[in-house]
Student: 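Below is a structure I'd like to ask you about.
Lettering follows sequence order; numbering is per chain, from 1. Just the heavy atoms: all of them, side chains too, but no hydrogens, waters or symmetry mates, feed the values below. Bear in mind that the values here come from a model prediction, so they are computed numbers and not experimental data.
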Amino acid sequence: MPHRITSARKLMQGNEACVHGALYAGCRFFGGYPITPSTEIAEGMARLLPKCGGHFIQMEDEIASMASIIGASLTGTKSMTATSGPGFSLMQENIGYAYITEVPVVVVNVQRGGPSTGLPTKIAQADTMQARYGTHGDYQAITVAPASVRECFEQTVKAFNFAERFRTPVTMLTDEVLGHMREMITIPESGELEVVDREKPDVPHEWYHHFEITPTLVSPMASMGDGYRYHVTGLVHDQDGFPTANPNEIKAKMDKLRNKIVRFADEVTQLDVEMVDDAGIVVFAYGTTARAARQAVHMAREKRIRAGLIRPITIWPFPDDQLRELLAHVRRVLVVELNQGQLIHEIERVAPKTCKVAGLTRYDGEVLNPVEIFKRILEVK
Amino acid sequence: MMADPIQSSNVTYDYLRVKKRFPNVWCAGCGIGTVMGSIIRAIDKMGYSKDEVALVSGIGCSSRLPVYCDFNTLHTTHGRAIAFATGVKLAKPSLKVIVVTGDGDGLAIGGNHFIHACRRNIDITTVLINNQIYGMTGGQCSPTTPHDSFAATAPYGNMEKGFDPTTLAKAAGASYVARGTVYHVQQLDKLIYGGLNKKGFAMVEAFSNCHTYYGRLNKEGDAVAMLKLMKEHAMPVKAAKVLPPEKLEGKFLTGVLWDVEMPEYCELYQNLIDSFQEKDKE
Amino acid sequence: MTTAREHKTHRDSKSHKVPKDDRYEVRLSGSGGHGVILACVMLARAIGTDPRRNVVLTQSYGPEARGGAVRADLVMAKGAIFYPKTMKLDLLLTFTQEACDKYCQDLKPDGLLVVDSTMVTKVPIKNSYGFPFIRLAREKVGHPMVANVIALGAIAELTGIVPREAIRAIVKEFAPKGTEEKNLKALQVGFDVAKKAKRK
């Protein structure tokens, strides 16, 4: 059943927009567990999924939630879950499982303060690195991060597109403020945004390899019950999915997992760049923080300070090449984030020697406001 | 007398990934292979096609079972088989979903998923192979290791008590609960068949032997000796009803221990979806 | 490969002239039960009816929002709204003395304060209006629950931030079935008392 919603302008929370984005992308399964500040996503899914012929289930914990969506996706159903820090930690083992078994799923993390129970009702961007390195073993993450209610919708669609295109788990990082913030949004018409579906096999059963190493390194994916009886395991496996201890096969699998994302990273990179071409100082921020940063950059421009903004919408894979080019003629870059300093290390890694890196952090549960960022621009420019 | 139709057929071979995956990982004499045969014969008797069966497991000796079977097979993370299976079943209720788990996988790390699947009464048949120990990691204590038994992590005897998986499943709300052993193979076939036939959450405990660890550490002997112990201590639930309590000492009950009709989760959900579709038509 | 600059760049103006900021910031505050959050949602929705207007609504969650002061913040602008939270308020509505004392300092020097005059007796600034919203709700509409709608009418009339018709349509849309008339009457009471106060 299609997801029906009138395309009139609506006042909507970020979390609600995420629900509608998921349904627009074709999500028909949600397994979740209540946690502030993400719960509105589960509630919206519980209300709307059965109306679209989909399934919502409240699982007993976040480990089970993650497991259930992987199981559902294997049947050919686009699936997702939503959580916040503590739940995201519990999901990590099975995120690794989805990665090695190449099952497309979407995980939304509406970030709050941590570690541990932390600040359930307060904003943070402290899971930035967890989204990248949270699960054990070598791992290539794809993570998107919207900054407005409209983007919550669009980036949820993108998250599904990337998951389906690359057969991999994709994380969307939002935050408490964005999740609960209301803005006017016009829901896109059907067909207005691109929706990508996983490639299915068209070969006879006996020729099918569930983990075939193809030119794009992404293998067509049969659904359970479609007549291709394959094996799925979290053990490192060969192209048929059977466990292997052969070093050549192990390396081939690990290379496939890495390169299918690393080699095609350009396809997922999304950068929002403003006033950087003549900038002496560039502010680097994502999500809600980037909105304060943009205001601060505009304040600086009003004072004739040549400031610019780089906002990664896709955080992982980190846009190394694009940033190296953008920062080539910039003297200062100011990394602004709601944690004790995470993305600053990535910027330090990619910034040319001619570009000095400074940071501005806040981790008391409050947002950084434009005045604070503007003052820091004045200090480091 | 007519032979049982399940037993007279030699069907297991057709359902195995004979060329691809054998020999298997289990020790010679391990009971898990016997359970695999029972599961296959029960599936065959149900008349399921290979394509419509999803066999899901977690981690451990018992959880290696699906890789040898030619169904849709899903070998998941430790303890999480039932949670994965819940997603498979709910997203595609036409699939016949069977979980194979062990006492450690299903009752320790996966205990929470186990009780909640019982409570939800989702149409999944779980075969819990209970050998009272962690085999794959080398004989550590499990949630069904009896009090005072020895294990690699209970070198001075187990201070804890063991779970009874059948009591647990019944209390948590399962529709069908049964116990068999790998000695009583014909009965085990029937019990698993009964579980597959049940609309709702069915749990069949298959009592099995780990002579490599449990038998050795507790001086119960080799596989044959352990099977003999099963023969001596198993008591069919029907027979037990007419015996005085003193005759039941040291015995464990086998057979169908609990069997009720209850609304099944996927059906309830489908009713909800249908009600919206009907509203749409109006 | 595309260059970084071309690469999905969303915005890159050539002149880098920053448009004049026309932000207008509102805070509605009170304590639990006053319906300030709902009032703010209705206000945001009514403002958003105009496709040329952008609006962002944030609210404080968590322990501080329970029992004590409740608040909802709204930012509106013709241009894009970057920073979603309020910085300096143009308009503050308070139902309680506590909220008034706490938030008055967030007003701009020329910002407007509107209070429930029966609850807020100490008004710290001159540029202010007081109306007995809760008493008016009881006496003129017969229901204390609609005090928030009267307040909405009053601030719409005083500031002109939203056309009467727009707020009317939204109040009607949000009213529980059977209470539409009562809510519209409350709104009208708000318009009327504010209009009268303005003339003075």
Student: Show, in sequence, the C-alpha distance, side-chain angles and deciding distance for B:Asp51 and A:His205, and conclude whether the side-chain contact (heavy atoms from CB on, under 4.5 Å) test is met.
Tutor: CA-CA 11 Å; B:Asp51 288 329; A:His205 169 234; 5.8 Å; no
Student: Checking heavy atoms, do the side chain of B:Leu90, its backbone, both or neither come under 4.5 Å from chain A?
Tutor: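 Contact with chain A involves both backbone and side-chain atoms of B:Leu90.
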Student: Verify, without hydrogens or angle tests, whether B:Lys50 (side chain) and A:Arg229 (backbone) share a donor-acceptor contact under 3.5 angstrom.
Tutor: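 No.
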Student: Select all residues of residues 16-35 of chain B having any heavy atom within less than 4.5 Å of some heavy atom of chain A, and report them by number, or 'none'.
Tutor: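 So the qualifying residues are B:Arg17, B:Lys20, B:Arg21.
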Student: Looking at B:Tyr269 versus A:Phe56, is the centre-to-centre ring distance below 6.0 Å?
Tutor: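 Judged by ring-centre distance (under 6.0 Å), B:Tyr269 and A:Phe56 do not meet the cut-off.
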Student: Got a second to check how far A:Thr101's OG1 is from B:Phe84's CZ, nearest 0.5 Å?
Tutor: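 A:Thr101 OG1 to B:Phe84 CZ: 7.0 Å, rounded to 0.5 Å.
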Student: Name the option with the most non-hydrogen atom pairs under 4.5 Å to chain B; the candidates are A:Ile69, A:Asn94, A:Thr77, A:Leu74.
Tutor: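 Looking at each of A:Ile69, A:Asn94, A:Thr77, A:Leu74 in turn, A:Asn94 comes out on top.
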Student: So which of B:Val88, B:Val53, B:Leu272 has the biggest tally of heavy-atom pairs under 4.5 Å with chain A?
Tutor: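 Between B:Val88, B:Val53, B:Leu272, the count favours B:Val88.
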Student: For the NZ atom on A:Lys200, are there more than 12 heavy atoms of other groups (residues, nucleotides or ligands in this structure) within a distance under 6.0 Å?
Tutor: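 Yes, NZ of A:Lys200 has more than 12 neighbouring heavy atoms, counting only those of other groups under 6.0 Å.
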Student: Quick one: of B:Ile59, B:Asp274, B:Val67, who has the most non-hydrogen atom pairs under 4.5 Å with chain A?
Tutor: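 Looking at each of B:Ile59, B:Asp274, B:Val67 in turn, B:Val67 comes out on top.
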Student: Surrounding CZ of B:Phe163 (heavy atoms of other residues, nucleotides or ligands, distance under 6.0 Å), is the total greater than 12?
Tutor: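 Incorrect, the count does not exceed 12.
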Student: Going by residue number, which parts of residues 68-77 of chain B are within reach of chain A, meaning a heavy-atom gap below 4.5 Å?
Tutor: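 Answer by number: B:Asp70, B:Phe71, B:Asn72, B:Thr73, B:Leu74, B:His75, B:Thr76, B:Thr77.
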Student: Give the intermediate values and the outcome of side-chain contact (heavy atoms from CB on, under 4.5 Å) for residues A:His55 and B:Ile273.
Tutor: CA-CA 9 Å; A:His55 292 89; B:Ile273 291 174; 3.8 Å; yes
Student: Could you grab the distance from atom CD of B:Gln277 to atom SG of A:Cys52, nearest 0.5 Å is fine?
Tutor: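 B:Gln277 atom CD to A:Cys52 atom SG measures 11.0 Å (nearest 0.5 Å).
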Student: Considering heavy atoms only, which positions within residues 108-121 of chain B lie below 4.5 Å of chain A?
Tutor: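 Counting heavy atoms that sit under 4.5 Å from chain A, the residues of residues 108-121 of chain B involved are B:Asn112, B:His113, B:His116, B:Arg120.
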Student: Return the minimal non-hydrogen interatomic distance between A:Phe29 and B:Ala91, and the atom names on each side.
Tutor: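 For A:Phe29 and B:Ala91, the tightest heavy-atom pair comes out as CD1-CB, 4.0 Å.
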Student: What pair of heavy atoms forms the shortest contact from A:Met224 to B:Ala54, and how long is it?
Tutor: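 Minimum heavy-atom separation between A:Met224 and B:Ala54: SD-CB, 4.2 Å.
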Student: For chain B, which residues from residues 237-250 of chain A have at least one heavy atom closer than 4.5 Å to it?
Tutor: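 A:Phe242, A:Pro243 fall under the 4.5 Å cut-off.
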Student: Please flag which part of A:Tyr230 lies under 4.5 Å from any non-hydrogen atom of chain B: side chain, backbone, both or neither.
Tutor: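 Interface part for A:Tyr230: backbone (N, CA, C, O).
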Student: With respect to chain A, which residue among B:Lys89, B:Lys92, B:Glu52 yields the maximal number of heavy-atom pairs within a distance under 4.5 Å?
Tutor: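 If we count pairs closer than 4.5 Å to chain A, B:Lys92 comes out on top.
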